[in-house]
Amino acid sequence: MPLGTQNQPLRVAIIGSGPSGFYAAEHLLKQDKVIEVDMYDRLPTPYGLVRGGVAPDHQKIKSVTKVYDKTASNPQFRFYGNVEFGKDVTHADLAQHYHAIVYAVGAQTDRKMDIPGEDLPGSYPATEFVAWYNAHPDYRDYHFDLTQESVAVVGLGNVAMDVIRILARTPGELGKTDIADYALEALKNSNVKTIYVLGRRGPAQSAFTNPEIKELGEMEDADVIVPPDDIALDPFSQEYIDSGIDKVAVKNVQILRELAERGDTGKKIKIVMRFLVSPVELIGDENGLRAVKVVKNELYKSDDGSLRPRATDQFETLPIGLIFRSVGYRGQALPDVPFYDRWGTIPNDKGRVMTEQKGGEQVIGDYVVGWIKRGPSGIIGTNKPDSVETMNMLLEDLDAGKLLTPVTASRDAIENLLKERKIRYVTFDEWKYLDELEVQRGAALGRPRLKFSRIADMLQALAARS
Ligand code: NAP
């Protein structure tokens, strides 16, 4: 009996319920085959970075979850929230119950700057701040010292832009979002007056996109300041901009110039954009950060033609009491799954997991999608073609008979295993109930939703339902 038919459905486990996981599920479920997709997440809530990463003041972007809900409404789809891969269920467990396993776990930690003082109190990866204001249960009890007047954000990516906006928005602006209630309270009492944005390269090499830098100049009570020395382009960058090949960079520079011209209009918070500077040391003690020593960089053309930063002998010390390092996310290794430490990804060939990134062999039955496949790049939509590519490899392997041969390939069997282990898994229907509660609680306050931030509270609300 061929696999993928009524009598023998193809059973696929997807680990992680963010965009890449949902696009993988969507592609599988639209095949002309009988495929059962079970999606696992260590949190009771789905949607990955759409819930835990996308900034609360970008509500429109979050409506993409409607597409994921449509996938989840397929009777061949099940969600097992609150189940951790490697702990509650292992690779060996899944190999006994599924023909294929798809890793869609994203990039869960941050890249380091590797400078002295990086671990001082007051120095945090932006990823932690983002997870905190988005009510991620793991970060719920974090405390960021917002009594500081002077804060720095390192990096010129869109995550840096998100962090800056959340630090600079007024309570009125934040109050219209689904930011975590405790974060809203903390930010209402914030003393932050100056936010230094520290970019190691120039305006023309910024990683943020046009709407994000434009938005920075449109906030209620924050001015963007770009010092004349920082907005000036070096000859290499000028040549690059004049060539017009990078339309995003051309527009970014144009917007930055407009912001530089507008300058200080007397708003409460100043966002000071500093280009061509790299932190070389964080200065402080066990009581916290006091200052950041930065070196001025110059750009040079590297062998591959890209413009790279190189330190000069000019230093500057900025008085800064809180710093967020927004220099990129990084993937983490999963138990019993190969990992390529250099890139922080699972080694793969078009999404087929390999034992090594170069010259390895295929790990039969294992597939990877999203940031843990290609690294932390691109917007939400980038994950769709990425997941489709991997799922097409899986379907090719199905045709070639190159999948796992589980002993007990049935829904009942896996659910029995979870029950035997007393794992309180949360179904999609239960999530929709929590979702409804969050929206109701938010509506009472004139907000899009009031998020649960503790797993225990979510489980309690579900227990109270029955
Ligand atoms: P990113 O776009 O890769 O930006 C990382 C930034 O960190 C770059 O400016 C990079 O500079 C800088 N950097 C790296 N190492 C550094 C170091 N050692 N010292 C100083 N600076 C350093 O990453 P991201 O901001 O984390 O965003 C991840 C992805 O999510 C991106 O594709 C982003 O567009 C996307 N995202 C999109 C949105 C949105 O659409 N609104 C929101 C959030 C995130 P160099 O260029 O010099 O390397």
Side-chain angles (χ1 to χ4, degrees), residues 18-20 48-64 106-116 118 123-131 133-134 152-166 196-216 236-237 240 246 248-249 252 256 273-282 292-300 302 304 306-311 323-331 343-345 370-372 374-383 386:
S20 65
L49 275 188
V50 177
R51 180 175 167 98
V54 172
D57 59 343
H58 279 177
Q59 286 298 311
K60 260 200 212 141
I61 296 180
K62 298 186 189 219
S63 59
V64 71
Q108 302 193 17
T109 181
D110 64 296
R111 279 175 40 195
K112 302 286 278 184
M113 292 194 303
D114 289 324
I115 57 167
E118 191 162 3
S123 164
Y124 301 94
T127 54
E128 292 182 353
F129 186 60
V130 168
Y133 64 60
N134 276 325
V153 178
V154 186
L156 297 174
N158 281 333
V159 171
M161 296 298 111
D162 288 347
V163 166
I164 298 161
R165 284 197 320 281
I166 296 306
Y196 290 98
V197 187
L198 308 177
R200 67 175 169 181
R201 297 195 288 161
Q205 293 80 37
S206 304
F208 45 69
T209 37
N210 303 153
E212 279 67 25
I213 184 63
K214 192 160 173 279
E215 197 178 5
L216 221 53
F236 285 138
S237 298
Y240 182 66
D246 184 343
V248 175
N252 275 344
L256 283 163
M273 307 285 300
R274 298 295 313 269
F275 293 98
L276 289 169
V277 287
S278 285
V280 285
E281 186 183 354
L282 304 190
V292 177
K293 186 175 174 189
V294 298
V295 67
K296 186 86 191 154
N297 295 328
E298 59 185 10
L299 295 179
Y300 70 96
S302 70
D304 65 5
S306 64
L307 296 180
R308 304 303 313 158
R310 175 165 60 199
I323 190 166
F324 296 107
R325 298 149 2 221
S326 185
V327 298
Y329 284 67
R330 192 183 147 78
W343 294 351
T345 52
W371 278 7
I372 193 67
R374 67 174 196 277
S377 68
I379 55 171
I380 292 170
T382 314
N383 292 297
D386 174 294

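In listed order, ligands and their atoms are each counted from 1. Quick note: numbers below take in every heavy atom, side chains included, and nothing from hydrogens, waters or symmetry partners. Count residues from 1 along the sequence.
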Check: Which residue owns the protein heavy atom closest to atom 22 (C) of ligand 1, what's the atom, and how far is it?
Finding: V327 CG1, 3.4 Å

Next item on the list: Starting from atom 24 (P) of ligand 1, find the nearest protein heavy-atom neighbour and note its residue, name and distance.
Entry: V159 CG2, 3.6 Å

Next item on the list: Indicate, as side chain, backbone, both or neither, the part of I379 found under 4.0 angstrom from ligand 1 when only non-hydrogen atoms are considered.
Entry: side chain

Item checked: Nearest-neighbour protein heavy atom for atom 23 (O) of ligand 1, which is reported as residue plus atom name and distance -> G328 CA, 4.3 Å

Check: Hey, does I213 have a side-chain heavy atom less than 4.5 Å from the side chain of M273?
Finding: yes

Notebook entry, point to check: Side chain, backbone, both or neither: which part of D162 has a heavy atom under 4.0 Å from ligand 1?
Noted result: side chain

Notebook entry, point to check: When you measure from the side chain of T345 to the backbone N and O of G375, does any donor-acceptor pair fall under 3.5 Å?
Noted result: no

Margin query: For ligand 1 and R111, I'd like to know whether there is a polar contact (N/O to N/O, distance under 3.5 Å).
Written below: yes

Checklist line | Sub-3.5 Å N/O-N/O distance, R308 and ligand 1 | finding: no

Check: Restricting to pairs with a member in residues 48-60, which pass side chain to side chain donor-acceptor pair (under 3.5 Å), not counting sequence neighbours?
Finding: R51-E438, D57-R165, D57-R169, H58-R165, H58-E215, Q59-D178

Check: Any chance NZ of K62 has more than 12 other-residue heavy atoms, nucleotides or ligands included, within less than 6.0 Å?
Finding: yes

Checklist line | F236 and Y240 aromatic centres sub-6.0 Å | finding: no

Next item on the list: Please report the shortest heavy-atom distance between A160 and V153, naming the atom on each side.
Entry: CB-CG1, 3.8 Å

Checklist line | Under 4.0 Å to a heavy atom of G157 - the qualifying atoms of ligand 1, by number | finding: 2 (O), 4 (O), 6 (C), 9 (O), 25 (O)

Item checked: Heavy-atom pair with the smallest gap, counting every atom of G157 and A207 -> CA-CB, 3.9 Å

Checklist line | ligand 1 atoms in contact with S326 (distance to a heavy atom under 4.0 Å) | finding: 6 (C), 7 (O)

Note to self: Set out, in order, the CA-CA distance, both residues' side-chain angles and the distance that settles side-chain hydrogen bond (donor to acceptor under 3.5 Å, both in side chains) for D386 and S20, then state yes or no.
What the structure shows: CA-CA 8 Å; D386 174 294; S20 65; over 6 Å; no

Check: From atom 3 (O) of ligand 1, is the closest protein heavy-atom distance below 4.0 Å?
Finding: no

Item checked: Nearest atoms (heavy-atom pairs only) where N134 meets P56 -> OD1-CD, 3.5 Å

Checklist line | Selection from V154, I380, N158 by shortest heavy-atom distance to atom 36 (N) of ligand 1 | finding: N158

Checklist line | Close-contact set for ligand 1 against R201 heavy atoms, below 4.0 Å | finding: 45 (P), 46 (O), 47 (O)

Next item on the list: List the atom of M113, the atom of E118, and the distance in Å for their closest heavy-atom pair.
Entry: N-OE2, 2.6 Å

Check: Does ligand 1 have an atom that lies less than 4.0 angstrom from a heavy atom of G378?
Finding: yes

Checklist line | 4.0 Å heavy-atom contact, M161 with ligand 1 | finding: no

Checklist line | N or O contact, G155 vs ligand 1, cut-off under 3.5 Å | finding: no

Note to self: Is there a polar contact, in the sense of an N or O pair closer than 3.5 Å, between K112 and ligand 1?
What the structure shows: no

Next item on the list: For the residue pair L198 and R274, establish whether any side-chain heavy-atom pair is separated by less than 4.5 Å.
Entry: yes

Notebook entry, point to check: Under the 4.0 Å line, does any protein heavy atom show up next to atom 39 (C) of ligand 1?
Noted result: yes

Note to self: Heavy-atom distances under 4.0 Å decide this one: backbone, side chain, both or neither, for E212 against ligand 1?
What the structure shows: side chain

Next item on the list: Using a strict 4.0 Å cut-off to heavy atoms of A207, name the atoms of ligand 1 that fall inside it.
Entry: 2 (O), 4 (O), 8 (C), 9 (O)

Next item on the list: Identify, by atom number and element, the atoms of ligand 1 in contact range of P376, meaning under 4.0 Å from any of its heavy atoms.
Entry: 28 (C), 29 (C)

Check: What's the shortest distance from atom 30 (O) of ligand 1 to any protein heavy atom, and which residue and atom give it?
Finding: W371 CZ2, 3.5 Å

Note to self: F275 and side-chain contact (heavy atoms from CB on, under 4.5 Å): which single residue from N297, V197, L256 fits?
What the structure shows: L256

Next item on the list: Kindly identify the option in E215, R200, H58 whose heavy atom sits closest to atom 18 (N) of ligand 1.
Entry: R200

Next item on the list: Using distance alone, decide if ligand 1 has a nitrogen or oxygen within less than 3.5 Å of any nitrogen or oxygen in S377.
Entry: no

Notebook entry, point to check: If you look at every heavy atom in S326 and A126, which pair is closest and at what distance?
Noted result: CB-CB, 3.6 Å

Note to self: Under 3.5 Å, is there a donor on one side chain and an acceptor on the other for R374 and N383?
What the structure shows: yes

